[in-house]
Amino acid sequence: SMMAFYEQQILEYLQAHKEEIFSDLLELVKAPSPSAQPELSNQCAAALRKIVKERLGLEPDRVISQPTAGDHLVYRYGTQEQQILVLGHY
């Protein structure tokens, strides 16, 4: 089936890029991100920005400054009519 084909492609991609994926995850896990300390949370945002830039070649469309918490990063990828929202908290 077509779904099995796509699942196999995804699995092959993940296996081929396992080292980079784990390295990126480790970098994010090590980044400080206490919600009440924006200067530290923004260090985590900087790590995320670096990874997105390296892996997808993207800079945020917008950075929404948050004086009492970490800044919000807004990215857009692709131009299709249908879109997927990916929301994360750091």
Side-chain angles (χ1 to χ4, degrees):
S1 77
M2 202 57 158
M3 183 61 85
F5 171 76
Y6 289 127
E7 288 173 357
Q8 185 61 35
Q9 283 190 312
I10 292 168
L11 179 59
E12 289 173 9
Y13 177 88
L14 292 173
Q15 289 172 335
H17 295 88
K18 178 174 51 175
E19 296 303 319
E20 298 124 70
I21 293 167
F22 283 128
S23 175
D24 292 346
L25 287 172
L26 182 60
E27 187 172 346
L28 288 173
V29 167
K30 287 183 172 182
S33 62
S35 297
Q37 296 180 330
E39 64 283 349
L40 292 178
S41 290
N42 286 336
Q43 289 179 23
C44 186
L48 180 60
R49 284 180 77 158
K50 177 180 168 275
I51 291 169
V52 172
K53 177 70 174 171
E54 287 175 357
R55 301 298 177 215
L56 299 174
L58 297 176
E59 291 288 349
D61 288 336
R62 291 187 338 181
V63 177
I64 303 168
S65 181
Q66 300 293 309
T68 60
D71 293 344
H72 294 254
L73 306 176
V74 178
Y75 289 93
R76 295 189 192 282
Y77 184 73
T79 58
Q80 300 298 321
E81 184 176 318
Q82 294 183 347
Q83 298 180 3
I84 298 172
L85 171 65
V86 177
L87 180 63
H89 174 73
Y90 60 87

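By convention here, the first residue in the shown sequence is residue 1.
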Query raised in the report: For Cys44 and Pro32, which heavy atoms make the closest approach, and how far apart are they?
Result: CB-O, 3.2 Å
Query raised in the report: Is it the case that one hydrophobic cluster holds both Ile10 and Leu25, taking links as side-chain heavy atoms less than 4.5 Å apart, direct or via other members?
Result: yes
Query - Side-chain heavy atoms of Tyr77 within contact of Leu58, under 4.5 Å - result: yes
Query - Distance (rounded to the nearest 0.5 Å) between His72 NE2 and Leu87 CG - result: 9.5 Å
Query raised in the report: Above 12 or not: heavy atoms from other molecules or residues under 6.0 Å from CD1 of Ile64?
Result: yes
Requested in this report: For Gln43 and Glu39, test the side chains for any donor-to-acceptor distance below 3.5 angstrom and give the result as yes or no.
Outcome: no
Requested in this report: Please round to the nearest 0.5 Å and tell me the distance separating atom CD of Gln66 and atom OG1 of Thr68.
Outcome: 6.5 Å
Requested in this report: Look up atom CZ in Arg55 and atom CD1 in Ile21, then write down how far apart they are to the nearest 0.5 Å.
Outcome: 8.5 Å
Report task. Take Val52 and Tyr75, measure what side-chain contact (heavy atoms from CB on, under 4.5 Å) needs, and give me the verdict at the end. Result -> CA-CA 9 Å; Val52 172; Tyr75 289 93; 3.4 Å; yes
Requested in this report: Group every Ile, Leu, Val, Met, Phe, Trp and Tyr by side-chain heavy-atom contacts under 4.5 Å, then state whether Val63 and Leu56 land in the same group.
Outcome: yes
Query raised in the report: What distance separates Arg76 CZ from Arg62 CZ, expressed to the nearest 0.5 Å?
Result: 7.5 Å
Report task. Could you tell me which non-hydrogen atom of Glu27 sits nearest to which non-hydrogen atom of Ala47, and how far apart they are? Result -> OE2-CB, 4.1 Å
Query raised in the report: Nearest 0.5 Å, what's the CD-CG distance between Glu59 and Leu73?
Result: 10.0 Å
Report summary line: One should read off an interatomic distance between Lys50 NZ and Lys53 NZ, to the nearest 0.5 angstrom, of 13.0 Å
Report summary line: Heavy-atom closest pair (Ser41 atom, Gly70 atom, distance to 0.1 Å) is CB-CA, 3.5 Å
Query raised in the report: Is there side-chain contact between Glu54 and Glu20, with heavy atoms separated by less than 4.5 Å?
Result: no
**Report entry** Nearest atoms (heavy-atom pairs only) where Ile51 meets Leu28
**Finding:** CD1-CG, 3.8 Å
Query raised in the report: Below 4.5 Å, heavy atoms only, C-beta onward: do Arg49 and Pro60 meet side chain to side chain?
Result: yes
Query raised in the report: How about Leu11 and Tyr13: do any of their side-chain heavy atoms sit closer than 4.5 Å?
Result: no
